[in-house]
Amino acid sequence: DGGITQSPKYLFRKEGQNVTLSCEQNLNHDAMYWYRQDPGQGLRLIYYSQIVNDFQKGDIAEGYSVSREKKESFPLTVTSAQKNPTAFYLCASSSTLSPLHFGNGTRLTVT
Amino acid sequence: SQQGEEDPQALSIQEGENATMNCSYKTSINNLQWYRQNSGRGLVHLILIRSNEREKHSGRLRVTLDTSKKSSSLLITASRAADTASYFCATEEDWEGAQKLVFGQGTRLTINP
């Protein structure tokens, strides 16, 4: 069964620590995306990647970093520079002419 | 940037009734998409309507697009309890190989049995 796997589902960290969220897809999609969702809000684009070893900043990239070393993987690191990191993080992928396929998200809580 | 604005923010109806959600946007678009999100889950794509289309159907879903008014509506007919979810519109401005979708804030739909 093809899909996107995000892990872990829940993540707790202390303020000042960096944390990496995992996203893996087996859909053979070229493009991958990270979105942030705050309670009662829509999604905001953090980073996206169209191809391996290349990625671009979205609307709210400050305090985040990504890598795309493999087609299947697009991990997101939330750094200590992100002022309000507590949120629901969604990873997605797509290919040409296909809609976005989303994972089931990681809920990050920083205290 | 948040382009889509959805109306209403929340909608509660009885099972069997029709549900209509509206989305307005600000700039020219290539297409507009609707997604559904069940609580605590990822989004699921429902339907895409291109800028040169005015209406599209998929099962119990009907989407309209009025580019002159920069607005779209999603109609769910004969609603079911399983339709309870948040619904988001998303617009795509430029096609660069990756879809830089801009999402609205969503409509929370509750279907009462």
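To find a chain, count down the sequence lines: A is the first, B the second, and so on, and within it residues start at 1.
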I'd like to know if A:I4 and A:M32 are part of one continuous hydrophobic network [Ile/Leu/Val/Met/Phe/Trp/Tyr, side-chain heavy atoms within less than 4.5 Å]. no
Check this for me: B:R108, atom CZ, are more than 12 non-hydrogen atoms of other residues, nucleotides or ligands nearer than 6.0 Å? no
Is a donor on one side and an acceptor on the other found under 3.5 Å between the side chain of B:Y35 and the backbone of A:L100? yes
Please determine whether residues B:L109 and B:W34 belong to a single hydrophobic cluster, defined as Ile, Leu, Val, Met, Phe, Trp and Tyr linked transitively by side-chain heavy-atom distances below 4.5 Å. yes
Bottom line for B:Q37: the part with an atom under 4.5 Å from chain A's heavy atoms is side chain
Sort by residue number and list every member of residues 53-88 of chain B having a non-hydrogen atom under 4.5 Å from chain A. B:F88
Short side-chain to backbone donor-acceptor contact, A:N104 and B:G42, under 3.5 Å: yes
Interatomic distance, CZ@B:F103 vs CZ@A:R44, rounded to 0.5 Å, equals 13.5 Å
For chain B, which residues of residues 78-87 of chain A have at least one non-hydrogen atom nearer than 4.5 Å to it? none
Please classify the contact between B:L43 and chain A as side chain, backbone, both or neither, with a heavy-atom cut-off of under 4.5 Å. both
Would A:L108 and A:F74 show up in the same hydrophobic cluster when neighbours are defined by side-chain heavy atoms closer than 4.5 Å? yes
Linked, directly or transitively: A:L76 and B:L101 (ILVMFWY side chains, under 4.5 Å): no
Is there a continuous path of hydrophobic side-chain contacts, each under 4.5 Å between heavy atoms, that joins A:L90 to A:Y48? yes
Calculate, to the nearest 0.5 Å, the distance between atoms CD and CD belonging to B:Q105 and A:Q37 respectively. 10.5 Å
Are there residues of residues 12-21 of chain A that reach to under 4.5 Å of chain B by heavy atoms, and which ones? none
Can you name the nearest heavy-atom pair linking B:Q33 to A:P99, along with the distance? OE1-CB, 4.1 Å
Partners passing ring pair (Phe, Tyr, Trp, His ring centres under 6.0 Å) against A:F88 (at least two apart in sequence or in another chain): none
Just wondering, more than 12 heavy atoms not from B:E15 lying within 6.0 Å of its CD? yes
